[in-house]
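Chain naming here is simple, since letters A, B, ... match the order of the sequence lines and numbering starts at 1 in each.
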Amino acid sequence: TMLGVVTTDASVTSDVWRRMVQVSVNRSFNQITVDGDTSTNDAVIALASGLSGTNKISSLNTSEANHLQRCLDAVMQGLAKSIAWDGEGATCLIEVRVAGAENEAEAAKVARSVASSSLTKAAVYGRDPNWGRIACAAGYAGIPFNPNKLQISLGDTLLMDGGQPLPFDSVAASNYMRKAGETHGTVEVHISIGDGPGSGVAWGCDLSYDYVKINAEYTT
Amino acid sequence: VASVAKEASNYIPAAPILLPEGPWQQIPGGVTAAIGFKAAGMYGGLRALGEKPDLALVTCDVDAISAGAFTKNVVAAAPVVYCKNALNSSPTARAVLINAGQANAATGDAGYQDVIECSTALANLLHLKNEEVLIESTGVIGRRIKKEALLNSLPKLVSLLSSSVEGANSAAVAITTTDLVSKSVAIESEVGGTRIRVGGMAKGSGMIHPNMA
C-alpha cells in the first residue's frame with residue numbers, strides 16, 4: 001500500500017485543486033510499480049491552506065496555475081520515486097522513459113508496462129542487459145507502434161535501434177547495472193517507439209529473492 | 001514534543017528524494033513546511049511488533065481546500081470509502097489521521113463503523129465536523145484497527161502537534177509499514193510573485209501498483 005499526504009499554502013479554488021491533484025497523481029504515484037498489486041488502501045490527500053497570501057488560482061489556464069502544477073508534480077514525483085526506490089527487496093530504482101508515442105498517456109502506459117515486467121525486473125537484478133524482455137514488455141503494453149521504429153538504451157548503451165538488435169559491450173552494460181545495485185542508485189531505460197510527440201516516464205525496482213522472502217513471511 | 005518527535009525520526013533513515021529540476025528549491029521538512037500545517041507521529045500500540053510510531057496526524061489551522069485520489073480496487077478499504085464520501089460532501093478539510101498496523105480493509109460494516117468512531121473522536125477533540133477529518137490506514141488486510149488503542153492515543157497525539165520539521169519527520173515515520181526509509185520532502189517557489197511552499201510525505205514498499213482516481 002502507498003499513502004500520501006501533500007500540503008501547500010498556495011490559494012486555489014476547490015475545482016482547480018482537485019483537477020491539479022489528479023494530474024499530478026497520474027504523473028507520479030500512478031506511474032510507479034513494485035509488484036503489480038494494486039492495494040485496497042492506496043490514497044493521496046492534498047490540502048491547500050491558502051495562507052501564503054497568493055492570489056487565488058481559479059483557472060487551470062494561467063501561468064500561476066501552471067507553475068503550481070509543476071511544483072505539485074515535483075513533490076509527488078519525488079515521493080513516488082522514493083517508494084519505488086524502497087521497493088521490497090530492491091537494490092536499485094529503475095526509471096523507464098518512453099518517447100515517440102502519440103501522446104503522454106500512451107507513452108506512460110508503455111513505460112509502466114516495462115517497469116512492471118517481472119522478467120525485466122529480474123534481469124536488472126541479474127545485471128543482465130536483456131533488451132528482448134524490454135522490447136517484449138513494450139510490445140504487450142496495449143499501445144500500437146511500428147516495431148521497426150523501436151529503440152532501446154540501457155544507460156548510455158544503445159541495445160536496439162530501428163527495431164534491429166545492435167552489437168554492444170555487454171560487460172559494460174552489466175557493470176552499469178551492478179554499480180547501480182551496489183549504490184542503490186538508478187538504472188535508466190530509454191525507449192523510443194516512433195516519431196510522435198508523446199513522452200512519459202515510470203519508475204520501478206529490480207526483483208530480488210528478498211521480495212519473495214519478505215512476502216512469504218508477512219501474512220494477513 | 002521535540003524529544004518525542006526527535007525519537008520518532010530515529011527509527012528509520014530518510015529516503016533520498018530525487019526531485020526533478022525546476023524553478024524551486026528543496027527546503028527542510030515535509031507536510032509542515034507550508035504555512036498553517038502541523039503534524040505529529042507517535043507509538044499508539046497498533047503495530048504487531050516493536051514500538052516504532054504507528055499513528056500520525058496532520059492538521060491545518062484553517063479550512064484547507066481538499067483533494068484526494070483513491071485506489072480503484074473495488075475491494076476498497078473502509079477509510080477509502082469514508083474519505084470519498086467526506087470529500088464529496090465538503091470542499092475543505094482540517095485534519096488527516098493515519099494509522100499503520102491494520103489496513104481496515106475487507107472488514108465489512110464493522111470496519112466502516114470503526115472509521116466513523118475514530119473520525120468522530122478526533123473531530124470532537126479538535127472541535128471540527130466529522131467530514132473535516134480524513135483518514136488513511138495501512139497494514140495487514142482483513143484485520144480491524146486496534147480501535148481502543150487508537151482512541152486512547154488521540155489526546156496525546158493532538159498534544160504533540162508541531163509545525164516543526166521534527167513534527168513532519170515523526171509523522172512520516174509513523175505511517176510506514178515494511179518501508180526501510182521514511183519519505184518526506186518540501187520545496188519552496190514563487191507563484192505570482194508570492195512565495196509558496198509545497199510539502200508532502202508518503203509511504204510504500206510492497207503491494208505497489210497504484211491506480212488512483
Side-chain angles (χ1 to χ4, degrees), chain A residues 1-10 12-14 17-18 21-22 25 29-30 32-55 64 67-68 70-72 74-88 116 214-215 218 220, chain B residues 15 17-20 22 24 31 34-37 58 60 62 64-71 73 75-77 80 91 93 96 98 103 105 134 136-138 140-142 175 178-181 183 185 187 189 191-192 194 196-212:
Chain A
T1 298
M2 70 135 292
L3 298 178
V5 178
V6 175
T7 58
T8 184
D9 45 28
V12 59
T13 60
S14 175
W17 183 237
R18 292 190 174 189
V21 166
Q22 186 60 59
V25 165
F29 297 114
N30 277 352
I32 62 174
T33 181
V34 168
D35 47 23
D37 284 283
T38 297
S39 169
T40 50
N41 287 65
D42 290 339
V44 174
I45 288 169
L47 302 176
S49 72
L51 293 177
S52 65
T54 59
N55 296 323
E64 288 82 3
H67 191 112
L68 179 58
R70 290 186 62 194
C71 291
L72 195 58
V75 166
M76 288 206 193
Q77 283 180 1
L79 292 169
K81 286 159 74 173
S82 70
I83 291 173
W85 182 91
D86 188 30
E88 285 170 348
S116 310
I214 290 165
N215 285 287
Y218 183 101
T220 286
Chain B
I17 299 289
L18 307 170
L19 277 175
W24 45 74
V31 288
I35 302 171
F37 292 95
V58 179
C60 187
V62 297
I65 299 293
S66 59
F70 303 94
T71 187
N73 185 317
V75 184
V80 167
V96 186
I98 305 153
L134 302 173
E136 294 181 337
S137 297
T138 182
V140 178
I141 289 180
I175 65 174
T178 54
D179 307 60
L180 299 178
V181 290
K183 292 117 178 159
V185 68
I187 63 173
S189 186
V191 169
T194 305
I196 64 141
R197 290 178 164 185
V198 183
M201 65 178 179
K203 64 79 57 182
S205 184
M207 195 180 277
I208 298 291
H209 196 83
N211 243 333
M212 297 186 286

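With a 4.5 angstrom heavy-atom cutoff, V62(B) touches chain A only via side-chain atoms. With a 4.5 Å cut-off on non-hydrogen atoms, V75(A) touches chain B through its backbone and its side chain both. For a residue to count as touching a neighbouring chain, one of its non-hydrogen atoms must lie under 4.5 Å from one of that chain's; by this rule V58(B) touches chain A with the side chain only. Both the backbone and the side chain of W17(A) come within less than 4.5 Å of a heavy atom of chain B. The contact between F37(B) and chain A is made entirely by side chain atoms (from C-beta outward), counting heavy-atom distances below 4.5 Å. Using a 4.5 Å cut-off between heavy atoms, N55(A) makes no contact with chain B at all.
Across all their heavy atoms, D86(A) and G204(B) have their closest contact at OD2-O, 4.2 Å. Closest heavy-atom contact between I187(B) and C71(A): CD1-O, 3.6 Å. A pairwise comparison of heavy atoms in A69(B) and Q22(A) identifies CB-OE1, 4.1 Å as the closest pair. Heavy-atom minimum distance, E136(B) versus G4(A): OE2-O, 3.0 Å. For the residue pair A43(A) and M212(B), the shortest heavy atom distance occurs at N-SD, 3.8 Å. Across every non-hydrogen atom of S52(A) and I196(B), the tightest pair is OG-CG2, 3.8 Å.
Atoms CD1 and CG, from I175(B) and L3(A) in turn, are 6.0 Å apart once rounded to the nearest 0.5 Å. Taking OG1 of T71(B) as the reference point, atom CG of N41(A) lies at 8.0 Å (rounded to 0.5 Å). Rounding to the nearest 0.5 angstrom, the gap separating the NZ atom in K183(B) from the NZ atom in K81(A) is 14.5 Å. S66(B) OG to R18(A) CZ: the interatomic distance, rounded to the nearest 0.5 Å, is 4.5 Å. Between the CD1 atom in I35(B) and the OG1 atom in T7(A) there is a gap of 11.0 Å [rounded to 0.5 Å].
Taking I98(B), I65(B), V181(B) one by one and counting their heavy-atom pairs under 4.5 Å with chain A, the maximum is reached by I65(B). Each of A74(A), G87(A), G78(A) has some count of heavy-atom pairs under 4.5 Å with chain B, and the biggest count is that of A74(A). Chosen from L19(B), V31(B), I17(B), L134(B), the residue pairing most often with chain A at heavy-atom distances under 4.5 Å is V31(B). Taking V25(A), T13(A), V12(A), V5(A) one by one and counting their heavy-atom pairs under 4.5 Å with chain B, the maximum is reached by V5(A). Ranked by heavy-atom pairs shorter than 4.5 Å toward chain B, the options S14(A), A10(A), A48(A) are led by A48(A). Note on V6(A), V44(A), V21(A): by heavy-atom pairs under 4.5 Å with chain B, the leading option is V44(A). Per-residue counts of heavy-atom pairs under 4.5 Å with chain A were compared for G206(B), A202(B), S205(B); the largest is that of S205(B). Between chain A and the options P91(B), G36(B), G22(B), heavy-atom pairs under 4.5 Å are most frequent for P91(B). The candidate from G68(B), A77(B), C60(B) with the greatest count of non-hydrogen atom pairs under 4.5 Å with chain A is A77(B).
Defined by atom type and a distance below 3.5 Å, a donor-acceptor pair is missing between the side-chain atoms of T38(A) and H209(B).
Not one N or O on the side chain of T40(A) forms a donor-acceptor pair closer than 3.5 Å with the backbone of A76(B).
Residues that satisfy the salt bridge (Lys or Arg N to Asp or Glu O under 4.0 Å) test with K203(B), not counting sequence neighbours, are absent from this structure. Under the side-chain hydrogen bond (donor to acceptor under 3.5 Å, both in side chains) criterion, D9(A) pairs with no residue at all, not counting sequence neighbours.
P210(B) is listed as a side-chain neighbour of I32(A), based on a closest heavy-atom distance under 4.5 Å. Inter-residue side-chain proximity for L68(A) and V198(B) is flagged as met; some heavy-atom pair is nearer than 4.5 Å.
More than 12 heavy atoms of other shown residues, nucleotides or ligands fall within 6.0 angstrom of atom CG in N211(B).
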